[in-house]
Amino acid sequence: MHNEEIVHHLYHAGFQTGNYADTILHVHQNTYRLHAIVLSRSPLLAHLMSTSPQSGAQRVIYIQLEHEPEVTQEGFAIALGYLYSSVSLSLIRPDNARGVLAAGCLLGGMDELCGYAYDACRQSINVETINEWLEFIDTIPSSPDGSITPELSLTSVFGHFAQRLRDDVFHFLVVTLPNALEINSSESDPSQGHTGRDTLLRVFSLVPFDMFKSAVESRAFEIGSDQTRFKFAKDVIEMRKKGIARGHGAEETVVLAFGGGHPGGSAVHVTRKIRKRPLWKVNS
């Protein structure tokens, strides 16, 4: 009980009110009156305090976030408050969780906060939000095997959470969404799954190519027979020609391997090849 009273006092009088502050933090055009001993819980803030010149009684530090668009004002404030009290965990919602996760990863030393924020992100992936998540994973650079590449990107602040979120979106596309739409069970009665199939088509027409290819070829993508999956991929590609694949100078195709493909693999294969530019003959 005594410890809870101390933490409550630190959060209210220290973070929210800024009483007896010895450190001024400027970020996102906001100014926070804070306390060095508490801020030192964050490796990033501890480094900034140790390397920033101090003039007068108060230390002044600046955090530049122009290159970290995923770190939102609200997310940063929640992560900052977490240094004072875990009550900040109650402020995490599906709509602000990604910003909190980004801020927690940036400041460091916040495994519990990042865990809560990540879980909220994962649970927020649904039909209504999938477009936003597809835009997010499209900014994550990946190698041909689907793993995250070390090159810097706008999402590099998430560290290993970027790959976990990418995997979560993939699992939603391949397993959760088809099951929720009852795609597989509607194969015997096509009229039953017409609306569900249309929804799946619309979603897959927006999926970045590498993930689209992996999803359609995955054995976990159970929407019916190989022929059903082939027809689905073909219909998706037709929609993609008018949208996400338009103007990319590449042609997406799908083939159905005779004999069911190689053992343990997929009989449906999606490929993309660069269109050759026409050669013009110049008469002398």
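This chain uses plain numbering: 1 for the first residue, then up along the sequence.
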Next item on the list: Give a yes-or-no answer on whether the side chains of Tyr116 and Asp111 include a donor-acceptor pair shorter than 3.5 Å.
Entry: no

Margin query: I'd like to check Glu182 versus Arg197 (side-chain heavy atoms, cut-off strictly below 4.5 Å). Are they in contact?
Written below: no

Next item on the list: Determine whether Tyr118 and Leu165 make a side-chain contact, defined as any pair of heavy atoms from C-beta on separated by less than 4.5 Å.
Entry: yes

Item checked: Same cluster (ILVMFWY, side-chain, under 4.5 Å), Val255 and Val216 -> no

Checklist line | Side-chain donor/acceptor of Arg59 to backbone N/O of Met49, under 3.5 Å | finding: yes

Check: Given Val60, which of Thr31, Thr23, Ile24 fulfils the side chain to side chain contact (heavy atoms under 4.5 Å, CB included) condition?
Finding: Ile24

Next item on the list: Give a yes or no on whether a salt bridge exists between Glu217 and Lys213, defined as a side-chain N under 4.0 angstrom from a carboxylate O.
Entry: yes

Checklist line | Electrostatic pair Asp226:Arg229 at N-O distance under 4.0 angstrom | finding: yes

Checklist line | Gap separating the CE atom of Met211 from the CG atom of Leu134, nearest 0.5 angstrom | finding: 7.5 Å

Notebook entry, point to check: Taking NZ, NE, NH1 and NH2 as the nitrogens, is one of them in Arg33 or Asp22 under 4.0 Å from a carboxylate oxygen of the other?
Noted result: no

Check: Are any side-chain N or O atoms of Ser52 and backbone N or O atoms of Ile61, one a donor and one an acceptor, separated by less than 3.5 Å?
Finding: no

Notebook entry, point to check: Can you name the nearest heavy-atom pair linking Thr72 to Gly99, along with the distance?
Noted result: OG1-CA, 3.7 Å

Margin query: Side chains of Asp119 and Gln123: any donor to acceptor distance under 3.5 Å?
Written below: no

Notebook entry, point to check: Under 4.5 Å between any side-chain heavy atoms of Glu70 and Phe136, yes or no?
Noted result: yes

Item checked: Flag side-chain contact, heavy atom, 4.5 Å: Gln227 against Phe230 -> no

Next item on the list: Decide salt bridge (Lys or Arg N to Asp or Glu O under 4.0 Å) for Lys231 and Asp235; before the verdict, give the C-alpha distance in whole Å, the side-chain angles of both, and the deciding distance to 0.1 Å.
Entry: CA-CA 6 Å; Lys231 180 62 168 60; Asp235 291 344; 2.7 Å; yes

Next item on the list: Given side chain to side chain contact (heavy atoms under 4.5 Å, CB included), test Phe209 with Val270 step by step and report yes or no.
Entry: CA-CA 9 Å; Phe209 176 77; Val270 176; 3.7 Å; yes

Notebook entry, point to check: Does the Asn179 side chain pair with the main chain of Leu177, one donor and one acceptor, at a distance under 3.5 Å?
Noted result: no

Notebook entry, point to check: Tell me the ring pair (Phe, Tyr, Trp, His ring centres under 6.0 Å) pairs involving residues 80-106, sequence neighbours left out?
Noted result: Phe15-Tyr84, His35-Tyr84

Notebook entry, point to check: Do Val169 and Val207 come within less than 4.5 Å of each other through their side chains, counting heavy atoms only?
Noted result: no

Check: Between atom NE2 of His28 and atom CD of Glu68, what is the distance when rounded to the nearest 0.5 Å?
Finding: 9.5 Å

Note to self: Go through it in stages, so that I can follow the logic: the residues are Phe212 and Glu252, the test is side chain to side chain contact (heavy atoms under 4.5 Å, CB included), and I'd like the CA-CA distance, side-chain angles, deciding distance and then a yes or no.
What the structure shows: CA-CA 11 Å; Phe212 167 59; Glu252 298 176 2; 4.2 Å; yes

Checklist line | Verify same cluster id: Val87, Leu89 (apolar side-chain graph, 4.5 Å) | finding: yes

Note to self: Could you check whether any side-chain N or O of Ser85 sits under 3.5 Å from a backbone N or O of Gly81, counting only pairs where one atom can act as donor and the other as acceptor?
What the structure shows: no

Next item on the list: May I ask you to establish whether Arg166 and Trp133 are in a cation-pi arrangement, using a distance under 6.0 Å from NZ or CZ to the six-membered ring centre and at most 45° from the ring axis?
Entry: no

Notebook entry, point to check: Measuring from Leu201:CG to Arg240:CZ, what's the distance to the nearest 0.5 Å?
Noted result: 11.5 Å

Item checked: Heavy-atom donor-acceptor pair, Ser218 side chain to Ser214 backbone, under 3.5 Å -> no

Notebook entry, point to check: Given side chains that start at C-beta, do those of Lys241 and Ile237 come closer than 4.5 Å, heavy atoms only?
Noted result: yes

Item checked: Minimum heavy-atom distance Pro43-Gly109, with the two atoms named -> CD-N, 3.9 Å

Next item on the list: Provide the full list of salt bridge (Lys or Arg N to Asp or Glu O under 4.0 Å) pairs with a residue in residues 78-93, sequence neighbours left out, each pair given once.
Entry: Glu74-Arg93, Arg93-Asp95

Check: Roughly how far, to the nearest 0.5 Å, is CG of Leu45 from CG of Leu25?
Finding: 6.5 Å

Item checked: hydrophobic_cluster_shared for Leu39 and Val7, side chain cutoff 4.5 Å -> no

Check: When rounded to the nearest 0.5 angstrom, what is the spacing between CD1 in Ile37 and CG in Leu10?
Finding: 11.0 Å

Margin query: Under a 4.0 Å threshold between the charged nitrogen and the carboxylate oxygen, would Arg272 count as salt-bridged to Glu251?
Written below: no

Next item on the list: Name all pairs fulfilling the side-chain hydrogen bond (donor to acceptor under 3.5 Å, both in side chains) condition that reach into residues 6-19, sequence neighbours left out, sorted by first residue then second.
Entry: His12-Gln16

Notebook entry, point to check: Distance from Ser205 atom OG to Lys242 atom NZ, nearest 0.5 Å?
Noted result: 11.0 Å

Check: What do the steps show when you test Leu173 against Ile130 for side chain to side chain contact (heavy atoms under 4.5 Å, CB included), and what is the final call?
Finding: CA-CA 9 Å; Leu173 293 172; Ile130 188 60; 4.2 Å; yes

Check: If you measure from the Lys or Arg side-chain nitrogens to the Asp or Glu carboxylate oxygens, is any gap between Asp198 and Arg202 under 4.0 Å?
Finding: no

Item checked: Side-chain (Asn96) to main-chain (Leu91) donor-acceptor, under 3.5 angstrom -> yes

Notebook entry, point to check: So, for Phe221 and Pro178, which heavy atoms are closest and what is the spacing to 0.1 Å?
Noted result: CE1-CG, 3.8 Å

Note to self: Any donor-acceptor pair under 3.5 Å linking the side-chain atoms of Ser124 with those of Thr129?
What the structure shows: no

Note to self: Under the criterion side chain to side chain contact (heavy atoms under 4.5 Å, CB included), I'd like the reasoning laid out for Leu65 against Leu106: C-alpha separation, chi angles, the key distance, then a yes or no.
What the structure shows: CA-CA 10 Å; Leu65 296 177; Leu106 177 72; 3.5 Å; yes

